[in-house]
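As structure tokens, the structure follows; a few thoughts come after it.
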Number of protein chains: 2
Amino acid sequence: MTTHLDESLYRIEQVAARTGLTKRTLRYYEEIGLLAAPSRTDGNYRLYTEADVARLERICQLKEALGLTLAELTDFIAMEEARDEIRTTFAESADPHERLVQLDRADAIAQQQLVLVDKKLATLQATRVALLERLARYERHRADITDHLPAQP
Amino acid sequence: MTTHLDESLYRIEQVAARTGLTKRTLRYYEEIGLLAAPSRTDGNYRLYTEADVARLERICQLKEALGLTLAELTDFIAMEEARDEIRTTFAESADPHERLVQLDRADAIAQQQLVLVDKKLATLQATRVALLERLARYERHRADITDHLPAQP
DNA sequence: CTTAACCTTTACGTCAACGTTAATGTGTGC
DNA sequence: GCACACATTAACGTTGACGTAAAGGTTAAG
């Protein structure tokens, strides 16, 4: 169970404001299964929970940083959130061999994701270094120029 | 000048094979100005240089890692390759004040790019740590299960 | 009880980043 | 010199990720 269950519910526009996404995008994410369909009011209005907002923020973050398609993101996030289920639903249930098989499956996926992340990290770090070097060069250049510019009232 | 000028030229299919892109994509990148139009044979076949291939590989890498649009990539790469020009074309030409202005412009762009890269790096590193923790948990789980599985002929 | 500001679904529009086909020209091994 | 594999441009098609407009239901304020 989550630690302090937050009962607050938000309508779509509030969620849009908080996440920076549009209402259309929220409905779209629900449509393609990236975000679970939230509960509804009697009048059929969507009611998002704090957890929904958190997931949406995570989605934005990963979309930004990993540049995955929404389909890939769906898998990636599903994976991230599968943690609890493995602990509870699964941990005390099936026979040990079945549990090992499931563990191996989850493990393989996580390793794939790690490879992906590490690859991007390598490129990004190299790019970062290149940018820092460039900025340092600019700084030296600037110094060179201003050094040879003596007169200024 | 480059160090050992490589004269080898490649036709589109060879470049496609080497980069993993399609021929269509190569023409498309040329069309939108992401890749400079290569030279042609008498029969109007494209002839790519080793430098073109290198740039294409860099394009793929950055597209993968940064998840930018092709338009953004165009700017980003143009920036990366602007280094030489700043050294040669520009360094000894205009008046010092103009040079400082240009330096500032280039500097600002590089700093923007650095911010971008750093933001993605932060998310990726956090994600990486989370993945490692997950894998460690799996490992512990596995150990727990196999420990409590004594009998096996 | 009405009205304005929300919400709903449905459906067509759009833009980037290509894929695919067609009609045509080129270069090469026999 | 003739297949046949490879190239060209032009043009239309597709997919993902939404935008936008239409036609209506819902809810809070006066």
Side-chain angles (χ1 to χ4, degrees), chain A residues 8-49 52-53 55-78 116 120, chain B residues 8-49 52-53 55-78 116 120:
Chain A
S8 6
L9 295 175
Y10 307 91
R11 297 205 309 203
I12 194 167
E13 190 157 81
Q14 303 174 325
V15 175
R18 283 190 57 186
T19 59
L21 300 170
T22 67
K23 296 182 281 182
R24 173 66 171 102
T25 299
L26 293 176
R27 297 197 192 97
Y28 179 63
Y29 285 0
E30 178 181 339
E31 184 185 331
I32 64 172
L34 178 49
L35 187 71
S39 60
R40 301 288 184 115
T41 68
D42 287 357
N44 206 30
Y45 283 24
R46 286 177 179 78
L47 285 179
Y48 296 89
T49 69
D52 288 330
V53 174
R55 182 178 171 118
L56 282 167
E57 276 161 357
R58 180 63 178 157
I59 287 173
C60 293
Q61 210 177 40
L62 284 180
K63 186 167 146 68
E64 253 272 308
L66 291 180
L68 301 178
T69 69
L70 297 187
E72 292 166 330
L73 256 183
T74 304
D75 295 353
F76 202 107
I77 300 223
L116 194 99
K120 303 204 182 207
Chain B
S8 8
L9 295 175
Y10 308 92
R11 297 203 310 201
I12 195 166
E13 190 156 83
Q14 303 175 324
V15 175
R18 284 189 57 186
T19 59
L21 300 170
T22 68
K23 296 184 280 182
R24 174 66 170 101
T25 299
L26 293 177
R27 297 196 191 97
Y28 179 64
Y29 284 1
E30 178 181 339
E31 184 185 333
I32 64 172
L34 178 50
L35 187 71
S39 61
R40 301 289 185 113
T41 68
D42 286 357
N44 206 30
Y45 284 22
R46 286 177 179 78
L47 286 178
Y48 295 90
T49 68
D52 288 330
V53 174
R55 181 179 170 116
L56 282 168
E57 276 161 357
R58 180 62 177 157
I59 288 173
C60 293
Q61 210 177 40
L62 284 181
K63 186 167 146 68
E64 254 271 308
L66 290 181
L68 301 177
T69 69
L70 297 186
E72 292 165 332
L73 255 183
T74 304
D75 295 353
F76 201 107
I77 300 221
L116 195 100
K120 304 207 180 204

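Here is the naming used below: chain letters follow the sequence lines, and residue numbers restart at 1 for every chain. The figures here come from the full heavy-atom set of this structure, side chains too, leaving out hydrogens, waters and symmetry mates.
Going from atom CG of A:L47 over to atom CD1 of A:I12 covers 10.5 Å, rounded to the nearest 0.5 Å. In this structure, CG on B:D52 lies 10.5 Å from CZ on B:R18, to the nearest 0.5 angstrom. Here B:L66 contributes atom CG and B:L73 contributes atom CG; the two are 7.0 Å apart, rounded to the nearest 0.5 Å. A distance of 6.5 Å separates CG in B:L34 from OH in B:Y29, rounded to the nearest 0.5 Å.
The stretch residues 19-35 of chain A touches DNA chain D through A:T22, A:R24, A:T25, A:Y28, A:Y29, each having a heavy atom within less than 4.0 Å of the strand.
Between the CG atom of B:L73 and the P atom of C:dA17 there is a distance of 9 Å, rounded to whole Å. Regarding A:I12, its CD1 atom lies at a distance of 9 Å from the P atom of C:dT9, rounded to whole Å. The nearest whole Å value for the distance from the CZ atom in A:R40 to the P atom in C:dC7 is 12 Å. In this structure, CD of B:E13 is placed 18 Å from P of D:dC4, rounded to the nearest angstrom.
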Take B:Q14 and B:R11, measure what side-chain hydrogen bond (donor to acceptor under 3.5 Å, both in side chains) needs, and give me the verdict at the end.
CA-CA 6 Å; B:Q14 303 175 324; B:R11 297 203 310 201; 5.6 Å; no
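Under the 3.5 Å distance criterion, the side-chain polar atoms of A:T25 are left unmatched by any main-chain donor or acceptor of A:L21.
Under the rule for a salt bridge (Lys or Arg N to Asp or Glu O under 4.0 Å), A:E64 has no partner lying at least two apart in sequence or in another chain.
Distances from the side chain of A:L70 to the nucleotides C:dT9, D:dA17, C:dA17 place D:dA17 closest.
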Treat primed atoms plus P, OP1 and OP2 as sugar-phosphate and everything else as base, then score nucleotides 25-30 of chain D 5' to 3': B for base contact with protein heavy atoms under 4.0 Å, S for sugar-phosphate contact only, - for none.
BBS---
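Residue A:K63 places no side-chain N or O under 4.0 Å from the OP1 or OP2 atom of D:dG16.
For A:E30 and A:R40, the salt-bridge test passes: some basic side-chain N is under 4.0 Å from an acidic carboxylate O.
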